[in-house]
Each structure stands twice: as C-alpha cells, then as structure tokens.
Amino acid sequence: MAPSTTGAQGPTPHPSSTRLKPLKSPISPGELSVIEKSKQLAAWTAVDEHVLPDYRVIGIGSGSTVPYVVERIVSQGAEANKDRVFIPTGFQSKELIVSSGLSLGDVDQYPTIDVTLDGADEVDTQLNCIKGGGACHLREKVLAEAATTFILVADYRKNVEYLGTNFKAGVPIEVVPFAYAKVLQNLHQVLDSPKATLRMAVAKAGPVVTDNGNFVIDAPFDIDKMKEPYTIMAQIKMLTGVVEVGLFCHMARAAYFGNQDGSVTVKWNDGKVQEVQATQS
Ligand SMILES: O=C(CO)[C@H](O)[C@H](O)COP(=O)(O)O
C-alpha cells in the first residue's frame with residue numbers, strides 16, 4: 001500500500017481521489033464493444049446479487065472486468081458505501097478504489113471479508129479457474145480465501161468445460177526470484193510442462209515483477225492434467241520457491257458470464273446453471 005501523507009491540515013487526499021461518483025455509469029452503453037458490454041453485464045449483475053446493503057468489507061479483484069464491479073458499487077450511492085471498506089488485490093484495484101472515492105483497507109486489518117468479486121482467465125464447469133493473467137493471483141487468492149463469498153465475473157469467452165481450452169498461456173505461478181530457474185527445471189523435467197517460461201515484461205527489459213516483488217512463470221499443461229486442476233495445483237505448490245499457483249479450486253460460490261446476446265449465465269458451486277436477463281441501468 002502507498003503510505004498516506006498526513007500534514008498539519010490532516011491527511012492529503014490521493015491526487016485522483018474524488019467524491020463518490022454519481023449514480024449513472026460514466027460510460028454510455030452505446031460506446032462499449034460486445035466484449036466490454038458482456039463484462040459490464042456480468043459485473044453489474046454480480047454486484048446487484050452479492051454486494052448486499054449490510055456488507056461492510058468488500059474485496060476488489062484485478063483485471064479488465066473489475067472496473068465495472070467498482071462502477072456498479074459506486075452506483076449504490078454514497079450512503080450505501082459510507083461505512084464500507086474496500087480491500088484491493090493489487091495496484092490496479094487500489095487505484096480504482098481510491099479514484100472512485102471509496103475507503104481503502106487491507107486484508108491484514110480485515111482478515112474476514114463479506115464478499116470478494118474478481119475476474120478470471122478461464123472458469124470450468126466446477127468453478128475451478130485460472131487466474132494470474134495480470135500477475136495478481138497471490139493477493140487474489142488471499143482475498144478469495146478470506147471472503148465468506150467469492151464471486152467470479154467474466155465475459156463469455158472465459159466460460160469453458162476444461163481449463164486451458166481458450167487460455168493457452170498456461171498456469172501462472174508466482175515464484176521467489178532466486179528460485180525461478182530451479183522451479184522452471186522442476187516444471188520441465190518433473191511436472192511435464194516443457195514449455196513453461198518466465199514471464200517477461202513488455203515495456204521493460206527483464207521479467208515481470210509482481211506487486212510482491214516476485215517473478216511469474218507460465219506453465220502450460222496437457223488437457224488431461226487440466227481436467228484435474230486440484231492435483232496439478234498441489235504438485236506445483238509443493239515445489240520449493242513457489243509462492244502461489246494461479247489455479248483456484250473449489251473456492252468460488254458462483255461465476256457470472258456476460259453473453260453476446262445481453263443475457264448473463266450464472267454457474268453456481270452446486271452445479272446449478274441459470275440464464276438471467278442482465279441489469280441494463
Ligand atoms: O487473475 C487476474 C489478474 O491476476 C485477472 O482477474 C484475470 O487475468 C482476468 O483479467 P481480464 O478480466 O483482464 O481478462
């Protein structure tokens with residue numbers, strides 16, 4: 001967390017901090033692409049069903065769907081949000097919380113969270129998911145586990161039968177930097193992931209460095225292994241030097257997928273699947 005600066009006049013607000021935003025979405029629906037619209041539908045529907053008036057501690061995940069989660073929470077109004085605290089999963093969600101005028105907290109202050117809403121790279125029929133495309137999966141998993149209810153939000157492309165169907169980059173694995181070569185070797189030689197690679201930064205020379213100062217390895221596995229995500233997750237997690245694995249198994253209560261036709265598919269952890277007409281305003 002960035003330290004807050006406190007002067008004689010009291011705390012100095014974050015430069016992008018504003019008062020709570022007005023009720024209406026700042027983004028006109030006509031300006032959104034089909035994929036963006038489906039992310040928004042999923043996020044809004046999930047917020048309407050799971051961010052309840054008496055909830056006080058709310059976890060905010062990472063990725064491109066999460067801004068719509070925050071947008072919808074803000075639309076619940078200043079009164080609904082005034083006694084709430086929002087816990088981020090990384091730099092992006094911290095900025096979102098602060099710039100929306102919501103109160104920021106951290107999981108070490110609030111180890112019990114009423115609900116955490118987060119995106120996913122892919123979700124299977126049992127609500128196992130791949131996370132970590134944005135390299136935030138360590139904090140994301142902590143906030144998922146700390147939450148009484150963990151909810152996934154995504155567009156229709158992420159709704160699959162088996163993990164690894166569309167998301168081919170592999171399982172994101174956060175590792176301590178000095179152990180990365182050893183873990184890569186383990187993945188290549190022991191866990192049958194010959195294409196596992198260190199994730200490299202795009203606008204910086206060298207590897208991606210997570211919000212926790214660690215590196216990320218992306219490890220693709222055969223579909224047969226991905227059909228048993230808990231097994232492969234446990235095997236990876238046992239490698240010394242691994243901090244966290246971007247496979248979230250048996251954690252989500254429900255997953256909301258926005259569809260191209262404007263409906264939302266809701267998959268529940270008891271196997272129930274619903275098609276709902278999405279929230280439009
Ligand atoms: O796990 C994540 C970051 O670590 C994200 O939630 C995941 O990558 C989905 O992001 P997006 O909605 O942008 O596709």
Give the minimum heavy-atom separation between [X] and [Y], together with the two atoms involved.
X	Y	result
Val107	Ala146	CG2-CB, 4.2 Å
His137	Phe248	O-CZ, 3.6 Å
Ile130	Gly164	CD1-N, 4.0 Å
Ala196	Leu187	CB-CB, 4.0 Å
Leu41	Thr45	O-OG1, 2.7 Å
Asp124	Pro229	OD2-CG, 4.1 Å

Side-chain heavy-atom pair [X], [Y] within 4.5 angstrom cut-off:
X	Y	result
Val115	Arg253	no
Tyr256	Ile151	yes
Lys204	Val209	yes
Val264	Asn259	no

Please walk me through it: do Arg84 and Gln76 pass side-chain hydrogen bond (donor to acceptor under 3.5 Å, both in side chains)? CA-CA 12 Å; Arg84 286 177 170 163; Gln76 291 184 343; 2.7 Å; yes
Could you tell me whether the side chain of [X] and the main chain of [Y] form a donor-acceptor pair under 3.5 Å?
X	Y	value
Gln235	Leu191	no
Lys158	Ala120	yes
Lys94	Ile97	no
Glu122	Phe167	yes
Glu244	Ile173	no
Ser263	Gln277	no
Gln92	Val66	no
Lys225	Ile232	no
Asp118	Ser62	yes
Ser193	Pro220	yes

Is there a side chain to side chain contact (heavy atoms under 4.5 Å, CB included) between Ile113 and Ile58 once you walk through the steps? CA-CA 6 Å; Ile113 297 174; Ile58 297 163; 5.6 Å; no
Lys195, NZ: over 12 other non-hydrogen atoms inside 6.0 angstrom: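 Open: at most 12 neighbouring heavy atoms sit under 6.0 Å from NZ of Lys195.
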Under 6.0 Å from the CZ atom of Phe91, do we count more than 12 heavy atoms belonging to anything else shown?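 Not buried by this count: 12 neighbours or fewer within 6.0 Å.
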Aromatic Tyr162 / basic Lys227 pairing, under 6.0 angstrom, 45° off normal: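 So Lys227 does make the cation-pi contact.
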Within this structure, what is the [atom1]-[atom2] distance for the pair [X] and [Y], rounded to the nearest 0.5 Å?
X	Y	atom1	atom2	answer
Asn269	Phe150	CG	CZ	12.0 Å
Leu117	Ser93	CG	OG	12.0 Å
Asp106	Phe86	CG	CZ	14.5 Å
Met251	Leu127	CE	CG	12.0 Å

Evaluate the side-chain hydrogen bond (donor to acceptor under 3.5 Å, both in side chains) criterion for residues Thr265 and Glu275: first the C-alpha distance (whole Å), next the side-chain angles of each, then the deciding distance (0.1 Å), finally the verdict. CA-CA 5 Å; Thr265 300; Glu275 298 289 328; 3.0 Å; yes
Is [Y] reachable from [X] through a run of hydrophobic residues whose side-chain heavy atoms are each under 4.5 Å from the next?
X	Y	result
Val160	Tyr156	no
Val171	Tyr230	yes
Ile73	Val98	yes

Can you name the side-chain hydrogen bond (donor to acceptor under 3.5 Å, both in side chains) partners of [X], sequence neighbours left out?
X	value
Arg56	none
Asn159	Lys267
Arg199	Asp218

From CA spacing to verdict: salt bridge (charged side-chain N to carboxylate O under 4.0 Å, His left out), Asp48, Arg72: CA-CA 8 Å; Asp48 291 355; Arg72 192 62 171 177; 2.9 Å; yes
Would you say the ring centers of Phe215 and Tyr180 fall short of 6.0 Å from each other?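 Yes; Tyr180 has its ring centre under 6.0 Å from that of Phe215.
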His50 ring center within less than 6.0 Å of Tyr55 ring center: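 No, they do not, as the ring centres are separated by 6.0 Å or more.
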As a quick check of understanding, evaluate side-chain hydrogen bond (donor to acceptor under 3.5 Å, both in side chains) for Lys182 and Gln185, giving each step before the final call. CA-CA 5 Å; Lys182 195 277 307 184; Gln185 187 170 276; over 6 Å; no
